[in-house]
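Only one structure is covered here, and it is reproduced in the block below.
Throughout, residue positions are numbered sequentially from 1 according to the sequence presented.
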Amino acid sequence: MAVTSDIVATYRGPGKVMSGLLAQGRNEVRVLMFALMAGLLIFVALSPYQARAAHLDPEGPLAVRQYWSAFFWIFVMPMLLYGLAAMVWAISRIAGQRLTGYAVRLTLVWSLLASAPILLLLGLALGFIGPGVQAQIVGVLWLAVFFWFWIAGLLAAQRG
């Protein structure tokens, strides 16, 4: 199934999609590609906000803001995700759960990628309206969806 079809299906049943992804077998390249795609989408999502900030503060040119934003979201963020996944896996082992490190990595990265459309909406809200109540509502919605996908994915991984 295409990634976009899986993303749409995740909004209907995140556990089912995660079970399908885990059933395809261990593939670390897929996890890394999902992390890079999520980072790229987050970078694109934050571009309107970066442009707004550069317009309001001429001290920080847009090119510099975009460079460091791309560097962080595409190169640094995947390493941070892997570190977070390792901590969650260690905590799950201490708690006596049967999760594999691969399952934790895949569920975390997939949850971020699948919730990226809401991040695109957040970027538009920040870019056109600016920080405020609207952006906070969309941010809370994104957090809720992200954690819903992640918890449902972890539960599916634990069952499977």
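- Between E28 and R26, at least one side-chain nitrogen of the basic residue sits less than 4.0 Å from a carboxylate oxygen of the acidic one, meeting the salt-bridge criterion.
- Within the 4.5 Å cutoff, the side chain of L112 has no heavy atoms near those of the W150 side chain.
- Y102 places a side-chain N or O within donor-acceptor distance of the main-chain N or O of N27, the cut-off being under 3.5 Å.
- Taking the six-membered ring for Trp and thresholds of 30 and 60 degrees, F75 and F71 have ring planes inclined between 30 and 60 degrees apart.
- Between D57 and R65, at least one side-chain N (NZ, or NE/NH1/NH2) sits under 4.0 Å from a carboxylate O, which counts as a salt bridge.
- W110 and T10 form a side-chain donor-acceptor contact under 3.5 Å, judged by distance and modelled atom types alone.
- At least one donor-acceptor pair closer than 3.5 Å links the side chain of S92 to the backbone N or O of W89.
- Closest approach of L21 and R30 over heavy atoms only: O-NH1, 3.4 Å.
- A pairwise comparison of heavy atoms in L126 and A135 identifies CD2-CB, 3.6 Å as the closest pair.
- When side chains are defined from C-beta on, L113 does not count as touching F149, because their heavy atoms never get closer than 4.5 Å.
- Closest approach of I129 and R52 over heavy atoms only: O-NH2, 3.5 Å.
- Checked against the 6.0 Å centroid criterion, the rings of F72 and F43 do not qualify as a close aromatic pair.
- Taking each heavy atom of A114 and I7 in turn, the nearest pair found is O-CG2, 3.7 Å.
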